[in-house]
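Notes follow the structure.
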Amino acid sequence: MNDSQLGPGAERALARAREEAARLGHDVVGAEHLLLGVLLSSDLAGQLVGTLGIDRERAAERLASGQRRVRPRGEPAEGGLPLSSHARRLLDAARRDAAARGTSVEDAHLLVAAFAEPRGTLASILHDAGVPADRARAALFEASGLAPTEPAPAPERPERPEPKEPADAPPAPTPEEVAAREAAREQARAERERRREEQRERQKERERQRAERMAARKAQGTEAPVAPERAAKARDTAGEGRRGRRDEAPEAAPAPKVPSVGKLAPKPKQRGPVWRYLLLAFVPASIALSAMHAAPILVFLSACLAVLPLAGFMGEATEHLAHRTGPTVGGLLNATFGNAAELIIAVVALRAGLVELVKASITGSILGNLLLIMGLSLVAGGLRVPDLRFNRTAAGMSAAMLALAVVSLVLPAIFHAAHPEPAAAASERLLSEGVGIVLLVTYAFSLLFTLRTHKRLFGGEPHPTEGPVWGPLKAVAVLALATVGVAVESEILVHATEQVTATLGLSQAFLGLIVIPIIGNAAEHAAAIMVARKGQMDLSLQIALGSSTQIALLVAPLLVFAGVLLGQPMNLVFSPFEVAVLALATGVATVITLDGESHWFEGVQLLAVYAMVGVAAWFI
């Protein structure tokens, strides 16, 4: 392709389009890549989407996901990846428009050509935003200063004159020439059929995405608010269609954009789940039973039930603090404060000398997030829509971090197997502390990667809230009170643990692998499943996977150093069963999430693995 007719704006757009196509792993630059390059590199495009009321980031995501992978035809272009046939047609239309105006091709001409196409991802974006193509073109002409003219038509091939019968007729074509012509016609037919098939596939994908969006809006109750005057107008024109009135009155305001969660019109004040307030009664009840030295089983059960609503309030306060963040920061905050309850219980148990219970709770928390929470999230989301899609980059990074966690547990176990003598205990603790330092540094770099240098790779849906958004002061106050309550209940729960294990015949391994993680991680259990039911799988998996990596890379090293401070040395030497189960769970979760797609049955498979782990832990 010759780029000599391109101006600076078009060259920047084309270069950015090739970068995005390479980043997405595509072999050619398609029309969606070209429009994505314009959107990301052009100030005019940014001004235009703002004028039309279109979310720039969501439009970029739609364009990035709207291009199907096709195999390149011909040699690669001199500037990098070759252009698809659709992208070439779009660029040729921009060239013709620029030639008609006597200028070089700029980003405005590319947008003029794109708005002239009746189909495609851009047309779908405009349709979903309620923006007519005529209005979009008018806004483009006004913003760019171009004269509002129709795009120059493609040059037509001149008609051939009727061939005259020459005096000496040419020889008849040979059979080889006839076969070559027939093969060329067959290839052209196959190419046309391939293009039609690609168009049908793109249309199916757009319809599927539109159905998912509508189902998500219906599940969330996020229909766009209607102003009173527009509501009256809609009643007067019932049955005439959504845009009938706008077509009759061109000066009328455009249809309101569907707002994101958290920016809806004020709704009646909503209270939390009733069960949470009912379970709060177990907080004073557990304190009273402990003071009265009641039966250990009653004290243990009441403390477990008391932790559930407190962890729920911690999760709700975190949601309101993360209200204006994306799924990465929102998931990070949920995982952090969800793990706060787990960390408090583990520190209290460590101070009481229950080192094996603490180590089992670390493994159990990772398994619970990987298998139980993610399995329930996939089931909850899969019952709403048949196919679930999420961020492959975030899932792949979490899988790599979990593999690192497995390595951090295997190495101390190998050292212990090689040196089982008691004299090597000091070396095991030093080895665990060294591994803990490496894990903490790696966790710090993971935050830098996800929140700073590669933040654009982890974007997704906004973080949801239910009802009116809390102010920062209220959210922090609720979070602080719930944290204190969890600390008090943890003391009661841990002190009753030894007597409960002796009375019921349960092992510390079963309590640590199954019971304690479910109680301590109740906040992220509820948050992940709730957002999965609303169709926000990126955020749901970020909570589950992010919590698992935080337990392995942050909580476990912190507990090692907390043991040093509390005089209860703790190492990272886990039992072969715990290491093997963690490795198997990491492998299963990686296989399910790395393709960026899932469905409800894969959630059932994760739950089945968790059930088998629970059965095995019961007999340990």
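Side-chain atoms are counted along with the backbone in the values below, which use heavy atoms only and exclude waters and symmetry mates.
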So, does [X] use its side chain to make a donor-acceptor pair with the main chain of [Y] at under 3.5 Å?
X: Ser408; Y: Ala405; value: yes
X: Ser490; Y: Val486; value: yes
X: Lys359; Y: Leu572; value: no
X: Ser361; Y: Gly512; value: no

**Asked** Does atom CG of Leu473 have more than 12 heavy-atom neighbours, drawn from other residues, nucleotides or ligands, at distances under 6.0 Å?
**Response** no
Quick one: does [X]'s side chain get under 4.5 Å of [Y]'s, heavy atoms only?
X: Leu411; Y: Leu431; value: no
X: Glu433; Y: Val560; value: yes
X: Arg533; Y: Arg384; value: no
X: Phe282; Y: Leu289; value: no
X: Pro412; Y: Asn571; value: no
X: Leu440; Y: Leu553; value: no
X: Leu305; Y: Phe300; value: no
X: Phe577; Y: Val581; value: yes

**Prompt:** Stepwise, does the side chain to side chain contact (heavy atoms under 4.5 Å, CB included) test hold for Met401 with Leu545?
**Reply:** CA-CA 10 Å; Met401 299 288 277; Leu545 296 174; over 6 Å; no
If I take atom [atom1] from residue [X] and atom [atom2] from residue [Y], how far apart are they, to the nearest 0.5 angstrom?
X: Asp595; Y: Thr590; atom1: CG; atom2: OG1; answer: 11.5 Å
X: Phe390; Y: Ser377; atom1: CZ; atom2: OG; answer: 11.0 Å
X: Leu372; Y: Leu367; atom1: CG; atom2: CG; answer: 10.5 Å
X: Leu439; Y: Thr549; atom1: CG; atom2: OG1; answer: 11.5 Å
X: Thr497; Y: Ile516; atom1: OG1; atom2: CD1; answer: 5.5 Å
X: Leu513; Y: Glu578; atom1: CG; atom2: CD; answer: 5.5 Å

**Item:** Qualifying residues under salt bridge (Lys or Arg N to Asp or Glu O under 4.0 Å), relative to Arg351, sequence neighbours excluded
**Value:**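 So Arg351 forms a salt bridge (Lys or Arg N to Asp or Glu O under 4.0 Å) with Glu491.
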**Request:** Test Met374 against Asn369 for side chain to side chain contact (heavy atoms under 4.5 Å, CB included), laying out the working first.
**Result:** CA-CA 6 Å; Met374 192 161 68; Asn369 285 292; over 6 Å; no
Could you pull out the closest heavy-atom pair between [X] and [Y], with the gap in Å?
X: His599; Y: Pro386; value: CB-O, 3.6 Å
X: Ile492; Y: Ala303; value: CG2-CB, 4.1 Å
X: Ser365; Y: Glu342; value: OG-OE2, 2.8 Å
X: Arg429; Y: Pro569; value: CD-CB, 3.2 Å
X: Val494; Y: Ala349; value: CG1-CA, 3.7 Å
X: Phe313; Y: Ala482; value: CB-CB, 4.2 Å

**Message:** Tell me which one of Val588, Leu370, Leu371, Leu376 satisfies side-chain contact (heavy atoms from CB on, under 4.5 Å) with Tyr610.
**Reply:** Leu371
**Request:** Can you sort out the partners of Phe415 under ring-ring contact (aromatic ring centres under 6.0 Å, His included), two or more places apart, ordered by chain and number?
**Result:** His419
**Prompt:** Which is it for Leu354 and Leu350 under the side chain to side chain contact (heavy atoms under 4.5 Å, CB included) test, yes or no, and what are the steps along the way?
**Reply:** CA-CA 5 Å; Leu354 303 178; Leu350 187 61; over 6 Å; no
**Message:** Can you confirm whether the side chains of Ser302 and Ser286 place a donor and an acceptor under 3.5 Å from each other?
**Reply:** no
**Request:** Any chance you could lay out the side chain to side chain contact (heavy atoms under 4.5 Å, CB included) test for Leu493 and Cys304, step after step, and finish with the verdict?
**Result:** CA-CA 7 Å; Leu493 187 149; Cys304 289; 3.5 Å; yes
